[in-house]
Structure formats: C-alpha cells, structure tokens
Amino acid sequence: MENGAVYSPTTEEHPGPARGPRSGLAAYCFLGRLRWPRRALKILELLLSLLAFVCEEVVSQCTMCGGLYFFEFVSCSAFLLSLLMLIVYFTPVYNRVEAEKVKLSDFYITLGITCVFFLASIIFVVTHDKTSAEWAAIVFGFLASIMFLFDFVIMAYEKLTESQLRKPEPAIKTEALTEPLNA
C-alpha cells in the first residue's frame, strides 16, 4: 500500500475566507478588557461628546463667541481623547503598554475631561444666544460631563478597593513570642 492511500495532505490548497472563531477585523478587537458598565459609559461618553460637538458646529452665528469656541475645543478634545482610550482598550495596543499605565492615564484623562467639560458647559450656558442648536449642545455637554463623572467615580472606587486589598496585615509583635508563657 502506498503512503498516498493511507495519509492525506495536512494543508489545504485554498482555505476558506473565514477560518477559526475570529477573523478579519474582529480578530483585532477585544471587548473583554472593560466590564460592561464601564464599556457602556465609555461608549456613551464618546457619543455624547460627539453630539455636543456636532450641535455646536451647527451654530451659525454668535454674539459672545468665546464660550462657543471654548465649548467647541473641549467637546472635540473630549471626543478625541475618549476615542483614543477606546482604541487602546479594544485593540492590541493595550498589550504593548503596561496595564497599570493605561488605567492611570484613563483615570487622569477622565478626571480632566470631567472638570473642563463641566466648566465649558457652564460658560456656554452663560454666553449662548438661546438657539435650539446651542441648547442641544449644552444638554449633550452636561450629559457627557455626567457620564465622565460616573466613569471617574467608578474608577476611583475600583482604585480604593484595590488599594484596600493590597494593605498588609498588621505585624504581630515577635518580642512577645520569644518570652516564656509562664513568666
């Protein structure tokens, strides 16, 4: 009997387009690094800051434009930084950077965006011309600020519980153990 009758080739000449459980773009996207509440918050932050930016861009004229321009800068920056953090969390970039540095960067970026976005929304409320696009931008700005705040509170709580788990137990006095019990 020849080897051809017993053994078949081990490789396929033309493998199918979808091989394995994950292929294509899905092979580069991993959603499991963030639990679903934080993942939902991150996506809401991204969408709300984008909506605030788009609504602000629709405004055609303004009388006191300083607040509008500041809000534009902050909402666009919040959108881009949120997008950056999502890219880092959901792609192989996360594996190239230390996880603790990614979490720390996310913590401080979220804190900064929360404060500045809230401030920009307040300034825009004071200086806007009461058009419907401006009201929509303000509402989305405050909603985005609240989502960033929730995300920051969750991260701060996780940091606090993690640091409490790392605390060493109080040391037992070794001097008392060396003395005889009946002394």
Side-chain angles (χ1 to χ4, degrees), residues 22-62 64-162:
R22 295 173 61 141
S23 63
L25 187 59
Y28 295 104
C29 189
F30 183 70
L31 302 177
R33 291 189 186 104
L34 288 175
R35 289 179 299 158
W36 76 265
R38 292 242 6 256
R39 188 180 328 140
L41 276 174
K42 289 286 182 198
I43 292 170
L44 278 172
E45 292 167 3
L46 182 75
L47 291 175
L48 290 170
S49 58
L50 176 64
L51 286 171
F53 177 70
V54 168
C55 288
E56 174 276 325
E57 283 297 315
V58 172
V59 175
S60 59
Q61 58 184 342
C62 59
M64 295 174 53
C65 298
L68 179 74
Y69 295 151
F70 182 56
F71 187 84
E72 175 183 16
F73 171 74
V74 171
S75 60
C76 182
S77 298
F79 169 73
L80 292 175
L81 287 170
S82 297
L83 182 63
L84 173 70
M85 289 312 301
L86 281 177
I87 289 171
V88 168
Y89 275 119
F90 295 161
T91 62
V93 173
Y94 186 85
N95 298 330
R96 297 180 187 266
V97 183
E98 292 178 32
E100 192 59 37
K101 287 184 180 179
V102 171
K103 290 178 183 179
L104 195 62
S105 297
D106 190 17
F107 182 79
Y108 286 117
I109 286 172
T110 304
L111 174 63
I113 291 174
T114 300
C115 297
V116 176
F117 213 151
F118 189 67
L119 178 68
S121 297
I122 291 172
I123 291 172
F124 194 33
V125 164
V126 172
T127 62
H128 77 289
D129 292 333
K130 297 177 181 47
T131 65
S132 59
E134 289 173 322
W135 279 114
I138 289 167
V139 168
F140 287 128
F142 277 115
L143 288 174
S145 299
I146 291 168
M147 292 304 122
F148 281 107
L149 179 64
F150 284 160
D151 193 18
F152 173 73
V153 167
I154 289 173
M155 283 190 286
Y157 178 75
E158 288 174 355
K159 263 179 132 20
L160 182 66
T161 57
E162 184 179 299

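Quick caveat, the model's predicted, so the values are computed rather than measured. Index from 1, following the sequence.
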**Q** List the atom of Ile138, the atom of Val125, and the distance in Å for their closest heavy-atom pair.
**A**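 Of all heavy-atom pairs spanning Ile138 and Val125, the closest is CG2-CG2, 3.4 Å.
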**Q** Looking only at the aromatic ring of each residue, does the gap between the centers of Phe152 and Phe107 stay below 6.0 angstrom?
**A**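 Centroid separation for Phe107 and Phe152: below 6.0 Å.
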**Q** Between Cys115 and Leu111, is the side chain to side chain contact (heavy atoms under 4.5 Å, CB included) condition met? List the steps.
**A** CA-CA 6 Å; Cys115 297; Leu111 174 63; 4.2 Å; yes
**Q** Working to the nearest 0.5 angstrom, can you tell me the gap between Leu86 CG and Arg39 CZ?
**A**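 Going from the CG atom of Leu86 to the CZ atom of Arg39 covers 10.5 Å.
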**Q** Tell me every residue that passes salt bridge (charged side-chain N to carboxylate O under 4.0 Å, His left out) with Glu100, counting only those two or more places apart in sequence or in another chain.
**A**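 Partners of Glu100 by the salt bridge (charged side-chain N to carboxylate O under 4.0 Å, His left out) criterion come out as none, since no residue qualifies.
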**Q** To the nearest 0.5 Å, how far apart are CZ in Phe124 and CD in Glu72?
**A**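 Rounded to the nearest 0.5 Å, the CZ-CD separation comes out at 9.5 Å.
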**Q** Does Glu162 have any side-chain hydrogen bond (donor to acceptor under 3.5 Å, both in side chains) partners at least two apart in sequence or in another chain, and if so, which?
**A**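 Glu162: side-chain hydrogen bond (donor to acceptor under 3.5 Å, both in side chains) contacts with Arg166.
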**Q** Passes side chain to side chain contact (heavy atoms under 4.5 Å, CB included), Phe140 versus Val54? Steps please.
**A** CA-CA 10 Å; Phe140 287 128; Val54 168; over 6 Å; no
**Q** Only pairs at least two apart or in different chains count here, so list each side-chain hydrogen bond (donor to acceptor under 3.5 Å, both in side chains) that has a residue in residues 140-155.
**A**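 Every side-chain hydrogen bond (donor to acceptor under 3.5 Å, both in side chains) pair that includes a residue of residues 140-155, provided the two are not neighbours, is Arg38-Asp151, Lys42-Asp151.
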**Q** Quick one: CG on Leu41 to CZ on Phe150, what's the gap to the nearest 0.5 Å?
**A**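 Answer for the CG-CZ pair, Leu41 versus Phe150, is 8.0 Å.
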**Q** Give me the atom names and distance for the closest heavy-atom approach of Thr110 to Phe148.
**A**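 Residues Thr110 and Phe148, closest heavy atoms: CG2-O, 3.3 Å.
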**Q** Enter the distance from Ile113:CD1 to Leu81:CG here, rounded to the nearest 0.5 Å.
**A**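 Going from CD1 on Ile113 over to CG on Leu81, the span is 4.5 Å.
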**Q** Work out which heavy atom in Thr127 is nearest to a heavy atom in Gly67; give both atom names and the distance.
**A**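 Shortest heavy-atom contact: OG1-CA, 3.4 Å.
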**Q** Can you tell me how far apart CH2 (Trp135) and CG (Asp129) are? Round to the nearest 0.5 Å.
**A**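 Here the rounded value is 11.5 Å.
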**Q** Arg35: what forms a side-chain hydrogen bond (donor to acceptor under 3.5 Å, both in side chains) with it, not counting sequence neighbours?
**A**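 Once residues adjacent in sequence are excluded, the partners of Arg35 under the side-chain hydrogen bond (donor to acceptor under 3.5 Å, both in side chains) criterion are Glu158.
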**Q** Is there a side chain to side chain contact (heavy atoms under 4.5 Å, CB included) between Leu68 and Val59? Walk through the geometry before answering.
**A** CA-CA 9 Å; Leu68 179 74; Val59 175; 4.3 Å; yes
**Q** Mind checking what makes side-chain hydrogen bond (donor to acceptor under 3.5 Å, both in side chains) contact with Thr131, not counting sequence neighbours?
**A**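 Applying side-chain hydrogen bond (donor to acceptor under 3.5 Å, both in side chains) to Thr131 gives Glu134.
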**Q** Kindly indicate whether the side chain of Phe142, heavy atoms from C-beta on, has any atom under 4.5 Å from the side chain of Leu48.
**A**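 No. Closest side-chain heavy atoms not under 4.5 Å.
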**Q** In Å and rounded to the nearest 0.5 Å, what is the CG to CE distance from Leu46 to Met147?
**A**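 The distance works out to 13.5 Å.
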**Q** Salt bridge (charged side-chain N to carboxylate O under 4.0 Å, His left out) with Lys130: which residues, sequence neighbours excluded?
**A**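 Salt bridge (charged side-chain N to carboxylate O under 4.0 Å, His left out) check on Lys130 returns nothing, list empty.
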**Q** So Phe53 and Phe71, side chain to side chain contact (heavy atoms under 4.5 Å, CB included) or not? Walk me through it.
**A** CA-CA 8 Å; Phe53 177 70; Phe71 187 84; over 6 Å; no
**Q** Is the CZ atom of Phe118 crowded by more than 12 outside heavy atoms at less than 6.0 Å?
**A**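 Counting neighbours around CZ of Phe118, 12 or fewer heavy atoms of other residues, nucleotides or ligands fall under 6.0 Å, so no.
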**Q** Taking atom NZ of Lys159 as the centre, does the number of heavy atoms from other residues, nucleotides or ligands within less than 6.0 Å exceed 12?
**A**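 Above 12, so yes.
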**Q** Which atoms form the tightest heavy-atom contact between Ala137 and Glu56, and what is the distance?
**A**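 Scanning both residues completely, I find the closest heavy atoms to be CB-N, 3.8 Å.
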**Q** Give me the atom names and distance for the closest heavy-atom approach of Ala52 to Gly141.
**A**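 Looking at all heavy atoms of both residues, the shortest contact is CB-N, 3.8 Å.
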